[in-house]
Amino acid sequence: MVLRIIVGLALTAVAFAIAGRRLWWLYRLGRAGQPAPERIQAVREHPATDAETQLSEVFGQRKLLKWSVPGTAHFLTFWGFIILILTIIEAYGDLFSRRFAIPGIGHWAAIGFLEDLFAVAVLVGIATFAVIRLRTDPKREGRESRFAGSHTGAAWLVLALIFLVIATLLLYRGAQINTGVFPYAHGAFASQIVGHWLAPLGLTANKALEATFILAQLAVILGFLVFITYSKHLHIGLAPLNVLFSRRPNGLRALQPMRSGGKVLDFEEADPDTDIFGRGKIEDFTWKGMLDMATCTECGRCQSQCLVGDASVNGVIDPDVIWSCTNCGACVEECPVDIEHIDHITDMRRHQVLIESAFPTEASSMLKNLENKGDPWGMGQARRLEWAEGLGFEVPVVDGPIGDDVEYLFWVGCAGALEDRARKTTRAIAELLHTAGVSFAVLGPAETCTGDPARRIGNEFVFSMLAQQNIETLNEARALKIVASCPHCFNTLAHEYPQLGGNYEVIHHTQLLARLMTEGRLTPVTPVPEKITYHDPCFLGRHNRIFTAPREIMEQVPGVQPQEMHRCKERGFCCGAGGARMWMEERIGKRINTERIDEALGTNPDTISTGCPYCLVMLGDAVSAKKSSGEAKESLEVVDVAQLLARSVRPADGGALSAPSASSDAAAPPDATAPPDAAAPPGAG
Ligand code: SF4
Ligand code: SF4
């Protein structure tokens with residue numbers, strides 16, 4: 001007995017010393033990161049939300065359970081280890097007294113049953129993990145495997161250690177039953193089965209087995225503890241912390257302002273010699289950034305959703321990883337421990353752009369155009385109203401404060417005002433609003449780019465310049481309610497301008513049109529007998545959770561047969577244009593818009609609909625390429641849901657509302673050309 005105590009305590013002391021030393025080192029590493037006072041402040045301000053998030057994400061395993069099989073396996077393993085804390089207490093108690101029982105509950109059959117139930121559940125969980133790992137082995141599947149690039153050996157070692165934890169537990173409990181010291185007379189069904197197997201060995205052997213496997217159980221648990229601190233299994237302790245300090249509601253929607261030393265960077269006072277511009281090296285990251293890195297479980301859910309190419313790191317981040325990201329948010333959506341991938345990628349881009357001047361060269365004309373002309377194509381403000389020429393009504397242009405008679409400021413956006421295909425959407429929206437009797441006005445030449453492409457590529461300086469200019473214009477116009485047709489403009493106006501003092505009620509055109517239909521102010525009557533598949537724009541869907549409105553519009557158009565693509569709504573797949581990718585060449589692997597159109601073609605659609613001018617261009621280009629190669633029928637087209645609705649709606653006087661795709665070419669001004677070829681988005685070419 002004394003020997004048992006000495007060995008047990010000695011093992012514990014050694015394991016705690018090694019693990020403690022490692023944790024202290026990790027703590028100091030985290031402390032070396034930049035401050036992030038806003039994270040602590042947010043936790044102080046929203047304790048109730050944080051408690052709710054811990055309950056749903058940590059204890060409820062909400063995000064893990066989105067993948068039903070591995071999610072359930074993880075749920076069983078997680079809860080198994082929570083319940084099995086009781087058995088660890090019992091093992092330590094047994095070191096000192098063979099008849100130890102947890103005070104109060106230690107003889108309850110229900111507790112014995114629960115312990116055994118979860119011991120078996122953990123075995124089921126790890127068996128499932130083993131099968132999943134065998135079926136998606138990166139050695140066989142290469143980059144197709146979601147585990148590509150992860151520490152596969154360590155993952156197998158952990159599965160083996162967990163198996164040993166359960167095996168030694170059941171063996172010592174089975175032996176205890178045979179030696180008459182087991183605390184549970186009933187309930188512990190698995191231990192009883194093992195006891196039954198061990199009984200023929202006799203009392204002496206069972207006593208030896210009991211002593212041996214108690215120590216073996218403690219040794220395995222302590223070994224596991226040490227291993228956790230040196231491996232991706234750190235997430236066991238760090239995940240709740242990372243979830244606690246993560247952004248609410250998640251790491252989507254707005255990008256964070258640039259911060260240095262815990263403060264938002266003021267470009268007028270910032271000094272590149274003393275301030276941190278983005279992230280260029282590990283110590284530039286905040287402690288929260290480091291916590292993100294230490295918490296990653298290497299589950300590969302993020303990269304299973306991503307087409308950005310080779311994510312191998314080899315000590316430095318591959319530039320392709322930084323520049324290929326479309327900011328689609330699929331990784332953030334899936335990550336079970338709330339890592340904020342887009343924020344990190346943007347911070348690295350910021351350093352590359354602002355300090356190193358190292359970014360894809362083809363994007364430089366876009367940035368110059370934004371600075372000099374206020375739009376990515378450099379077409380200039382004078383052309384921002386061309387889209388409205390030839391409409392059968394006048395579009396009011398804001399000149400001074402907006403009157404009470406104007407309900408919405410219609411934010412047209414650069415693509416909506418200047419890109420030929422997107423102009424058709426803009427005309428359709430204007431016609432529908434006019435038909436529904438919604439009073440609206442546009443900024444016209446006073447509107448400039450929201451700055452989204454500049455911000456997403458990492459040029460925060462140009463973003464803040466454009467954003468401040470727009471906020472000034474909007475505030476002078478006393479704009480309160482804005483309807484935006486571009487999800488990127490929508491996202492920036494609604495979620496990023498408040499960072500600079502611009503606060504508006506922003507709505508996407510699909511939301512407004514759906515509401516007008518519900519109110520009976522727009523009634524689709526002309527049938528559109530087509531099979532239509534809807535592509536969720538990432539910044540409308542995943543980032544802003546607007547899934548229903550565009551679908552409601554489609555469903556109410558008579559004749560439309562909606563069909564969903566395999567990847568839709570929260571799991572929608574990107575068109576390839578976000579994150580300023582619209583203005584960069586795509587050089588790696590299969591083009592993203594081609595991948596998406598292949599998926600759309602799988603539904604054999606007559607029309608592909610969407611709610612974003614970027615998607616319209618990217619998907620339209622991919623469809624054109626498919627038509628050239630004979631893989632898509634000539635009649636297939638990509639339209640905005642507003643165009644679709646306009647085809648079906650007739651105004652109250654019974655006359656036909658001009659169908660944008662058929663009529664806008666005729667109605668367009670003679671010089672309403674597409675952006676000049678030289679400045680056309682290469683990503684869309
Ligand atoms: S945001 Fe999209 S493109 Fe960027 S890393 Fe995540 S999944 Fe990949
Ligand atoms: S970042 Fe998140 S989703 Fe990706 S491997 Fe790590 S834990 Fe999994």
Side-chain angles (χ1 to χ4, degrees), residues 57-58 61-64 66-67 70-71 74 129 132 136 138 143 145-152 154-155 231-236 238-243 246 250-253 255 289-313 317-349 456-458 488 491 536-539 541-543 567 570-582 584 586 588-593 595-596 618 683:
E57 293 204 9
V58 178
Q61 307 264 286
R62 181 184 67 81
K63 290 181 90 175
L64 280 151
K66 287 204 273 184
W67 292 34
H74 196 276
F129 286 138
I132 291 171
T136 46
R143 295 221 53 81
S145 166
R146 72 177 163 105
F147 299 118
S150 69
H151 296 88
T152 313
S231 72
K232 74 187 182 93
H233 280 75
L234 257 182
H235 78 264
I236 292 173
L238 296 186
L241 274 182
N242 207 48
V243 169
S246 63
N250 52 35
L252 296 172
R253 296 187 176 182
L255 284 178
M290 294 193 183
L291 187 59
D292 267 7
M293 292 175 222
T295 308
C296 176
T297 71
E298 296 186 7
C299 67
R301 281 167 163 79
C302 51
Q303 63 184 14
S304 75
Q305 308 295 308
C306 183
L307 265 193
V308 301
D310 192 342
S312 63
V313 170
I317 307 282
D318 189 310
D320 283 334
V321 173
I322 298 177
W323 296 111
S324 299
C325 176
T326 65
N327 285 204
C328 73
C331 49
V332 178
E333 175 78 28
E334 294 298 330
C335 181
V337 292
D338 287 356
I339 287 168
E340 295 156 352
H341 313 66
I342 297 178
D343 290 352
H344 297 313
I345 286 169
T346 307
D347 275 334
M348 289 187 282
R349 285 183 175 188
R456 297 275 160 182
I457 205 170
H488 300 268
N491 188 66
D536 285 283
C538 299
F539 278 80
R542 198 160 29 238
H543 280 269
R567 288 182 280 194
E570 293 90 342
R571 290 249 169 94
F573 189 70
C574 188
C575 73
R581 288 294 312 165
M582 182 95 165
M584 294 182 236
E586 232 178 301
I588 307 168
K590 185 178 178 182
R591 292 180 69 88
I592 296 174
N593 56 350
E595 169 84 9
R596 187 54 165 165
M618 297 301 278

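In this text, all values refer to a predicted model and were calculated from it rather than measured experimentally. These values consider heavy atoms only, across backbone and side chains, with no hydrogens, waters or symmetry-generated copies. Ligands are counted one by one from 1 in listed order, and the atoms in each one are counted from 1 as well. For the single chain, residues carry numbers from 1 onward in sequence order.
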With Thr136 via side-chain contact (heavy atoms from CB on, under 4.5 Å) - residues at least two apart: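 Partners of Thr136 under the side-chain contact (heavy atoms from CB on, under 4.5 Å) test: Ile132, Glu141, Ser145, Phe147.
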With sequence neighbours excluded, tell me which residues meet side-chain contact (heavy atoms from CB on, under 4.5 Å) with Asp338. Glu57, Lys63, Val243, Ser246, Arg248
Measuring from each atom of ligand 2, which residues have a heavy atom under 4.0 Å away?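 Its neighbours under 4.0 Å (heavy atoms only) are Cys296, Thr297, Glu298, Cys299, Gly300, Arg301, Cys302, Cys335, Pro336, Val337, Ile339, His341, given by chain and number.
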Atoms in ligand 1 flagged as close to [X], the criterion being non-hydrogen separation under 4.0 Å:
X: Gly329; answer: 1 (S), 2 (Fe)
X: Thr326; answer: 3 (S), 4 (Fe)
X: Cys325; answer: 1 (S), 3 (S), 4 (Fe), 5 (S)
X: Asn327; answer: 1 (S), 4 (Fe)

Does [Y] offer a backbone N or O that forms a donor-acceptor pair with the side chain of [X] under 3.5 Å?
X: Arg456; Y: Asn327; answer: no
X: Arg301; Y: Glu334; answer: no
X: Asn242; Y: Thr295; answer: no
X: His543; Y: Gly541; answer: no

Just checking, Arg567 and Phe573: is the charged tip under 6.0 Å from the six-membered ring centre and within 45° of the axis? yes
Listed by chain and number, what are the salt bridge (Lys or Arg N to Asp or Glu O under 4.0 Å) partners of Arg146, not counting sequence neighbours? none
